[in-house]
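Taking it in order: structure first as structure tokens, then the write-up.
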Amino acid sequence: MRELAENIFGWTYKLLKGWDFNDTLASYFSLFIDIVLLCFVAYAIYIVFRFTLVTAMILIAKKTNTKFDDLLVSNKTAKYIAHLIPLLFIYKAVPIILKNFIYWENIFGKLIGIYIVILVLWITRTIFNALRDYLKQQPRYSDKPIDSYIQVIMIVLWTFGIVAIILYLFNISAKALLTTFGAISAIVLLIFRDTILGFIASIQVSVNDMVRIGDWITMEKFGADGDVIEINLATVKVRNLDKTTSTIPTYSLISDSFKNWRGMFNSDGRRIKRHVLIKANSIRFLQESELTELKKIQLVSDYIDQRQNDIKKYNHANNIDKTLSVNGRNLTNFGLFRKYINQYLEQHPGLNKDMIMMCRQLQSNEFGVPLEIYAFSSDKTWINYEYVMADIFDHIIASVVYFDLEIYELPSSKSLLDQLK
């Protein structure tokens, strides 16, 4: 390329000298002509190479099955490469054109060299962007933080590029530059603190598989409750359930606590853990006559018969005085209701019978005795899950009256007025 430049620009000065121009005038006229000619030739080379490279890449992209070359076209990689060819020609031509202007040759040579380094980095960036888009389309990489990996690679490349520019611009050795960086390392760490922390966090998040794109996470500190849509070096973007977007610093994923719902989606069921409050003064022993009536409830009919026989045998064997219900063993309306709910859960089609399923009594408090349902819905879809849970508690609330139990709730103004009347 240098020989081509010498053949194009070497004749102008000789031509002007042949026309009896003095040295200074010949140099300036030669410089002007060479600059105009350089611009024309460089632009012609750019047009030719842009047309050739872009057309060739488009034709290749259409004929191949892979999507990677299509993404190279969409990221304009060929167009930027076409810029590089005439720039290299200019870089080789500048020493020839400015051979009589040493000062300006040094300045323009270094500026063009810097521009070449930046352009090479930009071309590399378009290639990595195409690779990023390609990997995101692959199912096995769709949930990986590809953006973070690409950003880390580009930071490393830009660092080397900046170092190369500094070395070239000031004509210093790599050893001297590293010594200088060592002296100002504290300032560098302070300026790039968030970037360094984000880089470390991205590696830990990826290695430990803490978060993937598409995961549903909850992080109350940042108001995030939704699906992860992007993971990059500095931030994690979450599309919340209300369609707003929360931005979380990547480092916060390893420094703060958050909830990832991926385990729930990968499991065999979604947990139902909810309770109702039963009034403590509505819990009592059941009489024989009441048990006869409760036997009409099919889910506990056999259980009542079995328990009655067991209780009678125990009380008879221990000579229990049953003139008072508190003596000996007895059935309570609350205990029987718990058994009824357990039987109801066993027959509910929306619950996973292979996972934990129980109706339990929690520690009583000033509002009553909590009756909690702990089970797992087979359907993990949010809408269907809510339907299953509502169906269970609708039945619980409606059925307590058959066991002469009451659910606690704060009195309303209407109920207070009814009591006063």
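Hydrogens, waters and symmetry mates play no part in the numbers below; they use all other heavy atoms, side chains included.
Residue Met154 holds its CE atom at 6.5 Å from OG1 of Thr124, rounded to the nearest 0.5 Å. Summarising the geometry, atom OG1 belonging to Thr235 is positioned 9.5 Å from atom CD1 belonging to Ile248; distances are rounded to the nearest 0.5 Å. Once rounded to the nearest 0.5 Å, the distance linking OG1 of Thr381 with OH of Tyr387 reads 14.5 Å. Here the CG-CD distance, from Leu299 to Glu346, works out to 10.5 Å after rounding to the nearest 0.5 Å. In this structure, CZ on Arg212 lies 14.0 Å from CD1 on Ile217, to the nearest 0.5 angstrom. Between the NZ atom in Lys221 and the CG atom in Asp256 there is a gap of 3.5 Å [rounded to 0.5 Å].
Counting non-hydrogen atoms of other residues, nucleotides and ligands closer than 6.0 Å to NZ of Lys259 gives a total of 12 or fewer. Heavy-atom contacts from other residues, nucleotides or ligands closer than 6.0 Å to CZ of Arg239 number 12 or fewer. No more than 12 heavy atoms of other residues, nucleotides or ligands sit less than 6.0 Å from atom CZ of Phe51. Other residues, nucleotides and ligands contribute more than 12 heavy atoms inside 6.0 Å of the NZ atom of Lys295. Other residues, nucleotides and ligands place more than 12 heavy atoms under 6.0 Å from the NZ atom of Lys380. Within 6.0 Å of atom CZ in Arg274, 12 or fewer heavy atoms from other residues, nucleotides or ligands are found, so the atom counts as exposed in its surroundings. Within 6.0 Å of the CD atom in Gln361, the count of heavy atoms belonging to other residues, nucleotides or ligands exceeds 12. Within 6.0 Å of atom CH2 in Trp158, more than 12 heavy atoms from other residues, nucleotides or ligands are found, so the atom counts as buried in its surroundings.
Ring geometry for Trp216 versus Trp261: interplanar angle under 30°, hence parallel rather than tilted (30 to 60°).
Closest of all the heavy-atom pairs between Phe285 and Glu290 is O-OE1, 4.1 Å. In plain terms, the two heavy atoms of Asn327 and Asp321 that are nearest each other are ND2-O, 2.8 Å. The shortest heavy-atom contact between Met357 and Leu345 is SD-O, 3.5 Å. Residues Gly161 and Leu121 share a closest heavy-atom pair of CA-CD1, 3.9 Å. What you find for Cys359 and Asn342 is that their closest heavy atoms are N-OD1, 3.0 Å. Residues Ile311 and Asn330 come closest through the heavy atom pair CD1-C, 4.0 Å.
A heavy-atom distance below 4.5 Å is not found between the side chains of Phe403 and Leu286. Looking at Tyr385 and Ile272, their side chains come closer than 4.5 Å, going by heavy atoms from C-beta outward. Contact check for His275 versus Arg360: no side-chain heavy atoms found under the 4.5 Å cut-off. Asp268 places none of its side-chain heavy atoms less than 4.5 Å from the side chain of Phe376. With contacts defined as side-chain heavy-atom distances shorter than 4.5 Å, the pair Val300/Leu294 does not qualify. The closest side-chain heavy-atom distance from Asn384 to Val388 is not below 4.5 Å. Side-chain contact between Lys79 and Thr126 is absent, with no heavy atoms from C-beta onward closer than 4.5 Å. Residues Ile283 and Leu405 have side chains in contact (heavy-atom distance under 4.5 Å, counting atoms from C-beta outward).
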Could you go step by step and tell me if Ser246 and Met219 meet the side-chain contact (heavy atoms from CB on, under 4.5 Å) rule?
CA-CA 10 Å; Ser246 295; Met219 202 169 190; over 6 Å; no
Step by step, would you call Leu253 with Ile231 a side-chain contact (heavy atoms from CB on, under 4.5 Å)?
CA-CA 11 Å; Leu253 294 178; Ile231 302 175; 5.8 Å; no
Pair Asn365, Leu277 - check side-chain contact (heavy atoms from CB on, under 4.5 Å), show working.
CA-CA 9 Å; Asn365 53 45; Leu277 291 167; 4.2 Å; yes
Residue pair His348, Asp391: steps toward the side-chain contact (heavy atoms from CB on, under 4.5 Å) verdict
CA-CA 10 Å; His348 197 287; Asp391 184 56; 2.8 Å; yes
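No donor-acceptor pair closer than 3.5 Å links the side chain of Ser301 to the backbone N or O of Gln298. At least one donor-acceptor pair closer than 3.5 Å links the side chain of Asn260 to the backbone N or O of Arg262. Checking side-chain atoms of Asp242 against main-chain N and O of Thr244 turns up a donor-acceptor pair under 3.5 Å. Between the side chain of Thr55 and the backbone N or O of Thr52 there is no donor-acceptor pair closer than 3.5 Å.
For His395 and Tyr340, the gap between ring centers is short of 6.0 Å.
Salt-bridge check for Asp404 with Arg284: passed, with a basic side-chain N closer than 4.0 Å to an acidic carboxylate O.
A side-chain donor-acceptor contact under 3.5 Å links Thr218 and Asp225.
Seen from the ring of Phe334, Arg338 counts as a face-on cation partner, given the 6.0 Å and 45° thresholds.
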